[in-house]
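Below is one structure, written out as structure tokens; comments come after it.
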Amino acid sequence: MIERARRNYQQLLRRRTVRDYDSRPVPREVIEQCLLAAGTAPSGANQQPWHFAVISDPAIKHQIRIEAEEEERTFYNGRAPEEWLRALAPLGTDANKPFLDEAPLLIAIFAQKYGIDAQGERFSHYYVPESVGIATGFLISALHDAGLATLTHTPSPMGFLSKICGRPESEKPVILLVVGYPKPGCLVPVHGGIKKPLAAISSWL
Ligand code: IYR
């Protein structure tokens, strides 16, 4: 047990959020297996309130880039408070998002705010943000294990993703996951590799 737990930790420790992607395509079956892994996540009343829209079409990726960069420009040039920009400074991010064109795949993750039954009636979903967050974690972990890099990108607001992906009003876009292989020579910020020690993130009672 200890060996397995250690191995899993060591494997996850190697994951880094990547912002520079190679355009090399990713086999569809790998992504399908990772989506199946995400779909095993626990969820409120097992309602599985998520949808994953996988985008590989260069024209659609480009449209997403145009709309995301427009939102990001307003964020970096005024909407974000000073404190937020200071927190982001060690990551070196800005409003330019070339990875939205360059990465072979984008996965738009939607949270189903409520369900719709066979009669077209709405029914409640429970613990939706928690459930979708857990499934997204499973997905990132599965993609990493398969040898793929990811970026959890959150253009805000991201309502444009619903229109581009043809998703219904009952679903809210929550994360745009960028997926692919790192560009050769790709760098990652030192800041992102610094993880809090065990004593800082846990306590035993
Ligand atoms: N969505 C912006 C800003 C941003 C916000 C957080 I919190 C980050 O951890 C990273 C970026 C962007 O993608 O640049």
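For ligands, and for the atoms within them, numbers begin at 1 and follow the listed sequence. Because the structure is a prediction, the values reported are computed rather than measured.
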His153 neighbourhood, listing ligand 1 atoms whose heavy-atom distance to it stays under 4.0 Å: 13 (O)

Near-ring test Phe123/His125, centroid separation under 6.0 angstrom: yes

Protein contact of atom 7 (I) of ligand 1 - nearest heavy atom, named by residue and atom, plus distance: Trp84 NE1, 3.6 Å

Short side-chain donor-acceptor distance under 3.5 Å, Arg15 and Thr17: yes

Ligand-residue contact atoms, ligand 1 with Thr154, heavy atoms, under 4.0 Å: 1 (N)

Ligand-residue contact atoms, ligand 1 with Lys97, heavy atoms, under 4.0 Å: 12 (C), 13 (O), 14 (O)

N/O separation below 3.5 Å, Arg19 to ligand 1: no

Shortest protein contact, atom 2 (C) of ligand 1 (heavy atom only): Glu72 OE1, 2.9 Å

Ser131 and Tyr126, any side-chain heavy atoms less than 4.5 Å apart: no

Student check: side-chain heavy atoms of Thr136 and Trp50 closer than 4.5 Å: no

Shortest protein contact, atom 3 (C) of ligand 1 (heavy atom only): Tyr76 OH, 3.4 Å

Can I get a per-line list of side-chain donor-acceptor pairs under 3.5 Å for residues 165-192, giving both atom names and the distance, sequence neighbours left out?
{"unit_1": "Arg167", "atom_1": "NE", "unit_2": "Glu171", "atom_2": "OE1", "d": "2.8"}
{"unit_1": "Arg167", "atom_1": "NH1", "unit_2": "His51", "atom_2": "NE2", "d": "3.3"}
{"unit_1": "Arg167", "atom_1": "NH2", "unit_2": "His51", "atom_2": "ND1", "d": "3.3"}
{"unit_1": "Arg167", "atom_1": "NH2", "unit_2": "Glu171", "atom_2": "OE1", "d": "3.3"}
{"unit_1": "Arg167", "atom_1": "NH2", "unit_2": "Glu171", "atom_2": "OE2", "d": "2.9"}
{"unit_1": "Glu169", "atom_1": "OE1", "unit_2": "Tyr114", "atom_2": "OH", "d": "3.0"}
{"unit_1": "Glu169", "atom_1": "OE2", "unit_2": "Lys113", "atom_2": "NZ", "d": "3.2"}
{"unit_1": "Glu171", "atom_1": "OE2", "unit_2": "Gln112", "atom_2": "NE2", "d": "3.0"}
{"unit_1": "Lys183", "atom_1": "NZ", "unit_2": "Glu102", "atom_2": "OE1", "d": "3.4"}

For atom 9 (O) of ligand 1, closest protein heavy-atom neighbour: Leu88 CD2, 3.8 Å

Enumerate donor-acceptor pairs with a distance under 3.5 Å from any side-chain N or O in residues 28-37 to protein atoms, sequence neighbours excluded.
{"unit_1": "Arg28", "atom_1": "NE", "unit_2": "Glu32", "atom_2": "OE2", "d": "2.9"}

